[in-house]
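A short worksheet on the structure shown next.
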There are 2 protein chains.
Amino acid sequence: MYKNILLKIEYDGTDFCGWQIQPDVPTVQGEIEKAINTLCGGIAEINGTSRTDAGVHAMGQMASFEGDIRIPTERLVYALNNLLPGSIRIKEALEKPTGFHARFDAKGKKYIYRIMNFSQRDPFKRNFYYFVEKPLDLHAMQKAAAYIEGRHDFKCFRAAGSTEKETTVRTVKSLSIRQEADEIIIEITGDGFLYNMVRIITGTLVDVGHGKISPLEMPLIINSKDRKKAGHTAPPQGLYLAEVYY
Amino acid sequence: MYKNILLKIEYDGTDFCGWQIQPDVPTVQGEIEKAINTLCGGIAEINGTSRTDAGVHAMGQMASFEGDIRIPTERLVYALNNLLPGSIRIKEALEKPTGFHARFDAKGKKYIYRIMNFSQRDPFKRNFYYFVEKPLDLHAMQKAAAYIEGRHDFKCFRAAGSTEKETTVRTVKSLSIRQEADEIIIEITGDGFLYNMVRIITGTLVDVGHGKISPLEMPLIINSKDRKKAGHTAPPQGLYLAEVYY
């Protein structure tokens, strides 16, 4: 029966060279396509909402694929999880109308970035946090974050060397920062994100938290549209694609 | 200056082929010896208290080494951690009298085994827990554990094919099992453990928790001295060497 299936996917990105399929290296897309083809056969490609980088995790990546899928939709989750490595879990499988596309139809996304503000490393958490030794000024970071919320040209927060020609204007709907014990959790929701945008925003906020950048400089940084004015790029292991909105 | 140093070590065993050094594969001992030799030079070997298997973790592995160590002892922790991969952390370095040996002088050890009693897998926890889907009867497991405490010949809990000729009599000082949300935590303290003993005890307790073995059978299993009478061997990823006693 011809169906269009939307999957909700959780993964530990540590052992993958990112989402997007590439020859000869392990990728999340590659593993899922292999499992789908073992199960259903003849599925050309799955469309992921976000091409997460190597080491980046997801609690709510979405991906869609169409084809002649004979296995009942309600059994797909169990059957796929049986074939997938333990680092990837399918959380949900939904039927969508023909033509629905996990990426093109996405209205927004939420990312979470986890910082461990602690002076010692922790072997068990190293792949899941950005370890920042020096104390961070949470209040300064929150003040800076308020300037980032809203509709802006975010070219300053786009990885240098990005060649996409499309607009760099995006809306950050909310950017919240909270502390729980030694953990600092950044939640950012928006209609779309430029390449490395969340990691550069996080790095800039960490630089603010260390007093290298003043929160009051944020409007100037954004208006400059210059990547060099913003802060460093935070590492991939603290980043989680939390949710996709349709 | 000639010194005998005792290290306290924490590691995520996921990416290592165990503690013990072997050619051409990553081992915890191999990484630490490499770091020590970079720092001090000419150290032949470090003696670990426990030869943990591939995938087994430690919060409190101990290892000693002797030699002409010029770096001040109080700087060893920082210097070694600078050279080691993020999966290994030196927590402490202490000076001990000549002749002290981390393994031969150990009076006892504590292991912790972590079970996740939950019906779904979790990509972020897969390397740190034994995932057991079916509900476990905690009370039955605790009843069985009481029979294991004490001084016994524990041959039934030693990996089949072990060829050590020494005695298989050991004292389990305490064996406690508690539940925290979906997590079941087994803590076992004893004067020494046979090869795979904690994993076989855990597997046997899980079989008890599933009703495959009755708690009342425990004395018979122990008295049989027969590995085949005991339960399955629990996987390595739930096991942590927690503490060594001197």
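Everything quoted here is computed from the prediction, not taken from an experiment. Quick note on labels: first sequence line is chain A, next is B, and so on, each numbered from 1.
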Proximity breakdown for Asp15(A) and chain B, heavy-atom pairs closer than 4.5 Å: side chain
Residue-level contacts of residues 126-135 of chain B with chain A, using a heavy-atom cutoff under 4.5 Å: Arg126(B), Phe128(B)
What parts of residues 235-246 of chain A touch chain B if we use heavy atoms and a cut-off under 4.5 Å? Tyr240(A)
Are more than 12 heavy atoms, taken from residues, nucleotides or ligands other than Arg103(B), located less than 6.0 Å from that residue's CZ atom? yes
With chain B, which of Met59(A), Lys91(A), Arg89(A) has the greatest number of heavy-atom pairs at distances under 4.5 Å? Arg89(A)
Need one label for Ile90(A): side chain, backbone, both or neither, based on atoms under 4.5 Å from any heavy atom in chain B. neither
All heavy atoms of Pro123(B) vs all of Ser87(A), minimum pair found to be CB-O, 3.3 Å
What's the verdict on side-chain contact (heavy atoms from CB on, under 4.5 Å) for Arg121(A) and Leu84(B), showing C-alpha distance, side-chain angles and the deciding distance? CA-CA 11 Å; Arg121(A) 61 177 166 189; Leu84(B) 285 166; 3.8 Å; yes
So, taking the atom named CG in Asp122(A) and the one named CD in Glu10(B), what distance separates them when rounded to the nearest 0.5 Å? 5.5 Å
Of all heavy-atom pairs between Ala58(A) and Phe124(B), which one has the smallest distance, and what is that distance? O-CZ, 3.7 Å
